[in-house]
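All of these numbers come straight from a predicted model, not from anything done at the bench.
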Amino acid sequence: MKSVNLYIPLLLLLFLAGACGTKKSDGVSGALSDDALLDTVQRRTFNYFWDGAEPNSGLARERIHMDGVYPENDQNVVTSGGSGFGIMAVLAGIHRGYVTREEGLARMERIVSFLETADRFHGAYPHWWYGDTGRVKPFGQKDNGGDLVETAFIMQALLAVHQYYAGGNPQEKALAARIDKLWREVDWNFYRQGDQNVLYWHWSPEYGWEMDFPVHGYNECLIMYILAAASPTHGVPAAVYHEGWAQNGAIVSPHKVEGIELHLRYQGTEAGPLFWAQYSFLGLDPNGLKDEYCPDYFGEMRNLTLVNRAYCIRNPKHYKGFGPDCWGLTASYSTDGYAAHSPNERDDQGVIAPTAALSSIVYTPEYSLQVMRHLYDMGDKVFGPYGFYDAFSETDNWYPQRYLAIDQGPIAVMIENYRSGLLWKLFMSHPDVQQGLRKLGFQLSSDTPISAS
């Protein structure tokens, strides 16, 4: 009896010790390995573009609101750029076995069929379409035509799909050929507005060039200039990149933010929102990439991410929740509409967007995983059927259960690039992409030009 009496307290002590150990292991996420956590988040985010896709087009809905409230009646409006990110997320999902290769091919065929008949403007796609008809939905009154930046985002994805299927069975090769035709039909030269050495963002059949938005760097649009140079049918001269994007070298502007060195000039700010480090590099591999304006694109984007993190940790506006396990400022839903949150007091509204830190995992894996675990432990307040909700503010007790395609896509794509490099390998293997990089003078860290090897 004495031994039993001693045994029971011993069990109690072991139970309490185990409970304390569980608490110290970072809550619910502590039971998951890094790979299991990554897969959980990637799979859930993939579902935005699979289960949540607009049924006719197969493309990504611009937004999904779990409350069913759509003030602009745009539940079935699809987005070109966000769909590009989603197409890459679906490729990763096929690779991961979330769906079969046959199911993935059928979805890609539906998407390409839609893109072949949907509104285009000199080969370029608009920002939005109505998913049931393929007709343009204006993004703004005068923004009812071609959007060259969004076109670049979807073409980045389609070229990766092309490479995925180009060596496959006859049905897959046929899809790759259809994608090649869409790629060749984009008239990048037209968007120089009269052969100027710069690319313009918009053109409208009704308003022409009235949007008047020449694109200069640095921002999220690097991929547009690379693809414009890469086109085998309407490729722009290298001077368009050097004079338009780089503005004859004015893009170079070494400076420090939060004590961290940046080399490039960021348009309108000292350090941009984090989508500037992500959108162009979903397919374009920054590892070892450099040109005459930036000696290390991976290092530059990593430093931009570290600036963002350091600012949130310093937290000069004293927002609730900001810190090493909760950082990330980028364009997202905000407490008052939509805003491009950046690491400065003017553009910081106390809103954390999970996509900012999570899509930076290729640059800051340890720090991004720290945020991922913290958010996962916050539970269904921030995590829903399609992954983490778009944004939240602990200061304002604001937790909308709403998603945006353009923020969900980079999470799934960059997690896959971190895990396997899949999307980087596919996009960078396309011969036209390599030719475009060579034309613009991009090099690998070995100081050898980009090559097909």
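- Relative ring orientation between Trp276 and Tyr218 is described as perpendicular, the plane-to-plane angle rising above 60° on a 0-90° scale split at 30° and 60°.
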Could you check His341 against Ser334 for side chain to side chain donor-acceptor pair (under 3.5 Å), going step by step and ending with a plain yes or no?
-> CA-CA 9 Å; His341 309 107; Ser334 192; 3.0 Å; yes
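- Listed by chain and residue number, nothing satisfies the salt bridge (charged side-chain N to carboxylate O under 4.0 Å, His left out) test with Glu220 (two or more places apart in sequence, or in another chain).
- Scanning for side-chain contact (heavy atoms from CB on, under 4.5 Å) contacts around Asp432 gives Trp183, Pro232, His430, with sequence neighbours left out.
- For Phe427, the ring pair (Phe, Tyr, Trp, His ring centres under 6.0 Å) criterion is met by no residue, not counting sequence neighbours.
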Please report the C-alpha distance between Glu54 and Ser57 in whole Å, then the side-chain angles of each, then the deciding distance to 0.1 Å, and finally whether the side chain to side chain donor-acceptor pair (under 3.5 Å) criterion is met.
-> CA-CA 6 Å; Glu54 192 280 322; Ser57 63; 2.7 Å; yes
Yes or no on side-chain contact (heavy atoms from CB on, under 4.5 Å) for Leu38 and Ile361, after CA distance, side-chain angles and deciding distance?
-> CA-CA 10 Å; Leu38 288 166; Ile361 192 166; 3.4 Å; yes
For side chain to side chain donor-acceptor pair (under 3.5 Å), just list the numbers for Thr79 and Arg63, CA-CA rounded to whole Å, side-chain angles, deciding distance to a tenth of an Å, and then say yes or no.
-> CA-CA 9 Å; Thr79 168; Arg63 63 193 88 243; over 6 Å; no
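- Listed by first and then second residue, the salt bridge (Lys or Arg N to Asp or Glu O under 4.0 Å) pairs involving residues 295-305 amount to none (not counting sequence neighbours).
- Listed by first and then second residue, the ring-ring contact (aromatic ring centres under 6.0 Å, His included) pairs that reach into residues 61-101 are Phe46-Tyr98, His65-Tyr70, His65-Tyr333, Phe85-Phe153, Phe85-Tyr279, sequence neighbours excluded.
- A salt bridge (Lys or Arg N to Asp or Glu O under 4.0 Å) check over residues 249-267, counting only residues at least two apart or in different chains, returns the pairs Glu258-Arg314.
- When the side-chain hydrogen bond (donor to acceptor under 3.5 Å, both in side chains) test is applied to Tyr207, the partners found at least two apart in sequence or on another chain are Gln141.
- Phe442 and Tyr241 have tilted rings, their planes meeting at an angle from 30° to 60° on a 0 to 90° scale.
- Each of Trp201, Trp203, Trp128 was compared with Asp147 under the side-chain hydrogen bond (donor to acceptor under 3.5 Å, both in side chains) criterion, and only Trp201 meets it.
- In this view, Glu185 and Arg120, Lys181 satisfy the salt bridge (charged side-chain N to carboxylate O under 4.0 Å, His left out) rule, not counting sequence neighbours.
- Legend: residues meeting salt bridge (charged side-chain N to carboxylate O under 4.0 Å, His left out) with Glu172, ordered by chain and number and at least two apart, are Arg101.
- In this structure, Gln75 has no side-chain hydrogen bond (donor to acceptor under 3.5 Å, both in side chains) partners at least two apart in sequence or on a different chain.
- Taking the salt bridge (charged side-chain N to carboxylate O under 4.0 Å, His left out) definition, one finds that Asp380 meets it with nothing, sequence neighbours left out.
- Applying the ring-ring contact (aromatic ring centres under 6.0 Å, His included) test to every pair with at least one member in residues 303-324, sequence neighbours left out, gives these pairs: Tyr319-Phe322.
- Remark: Tyr165 OH to Leu175 CG distance equals 7.0 Å, nearest 0.5 Å.
- Using bins of under 30°, 30° to 60° and over 60° for the plane-to-plane angle, the ring pair Tyr403/Tyr389 lands in the tilted bin.
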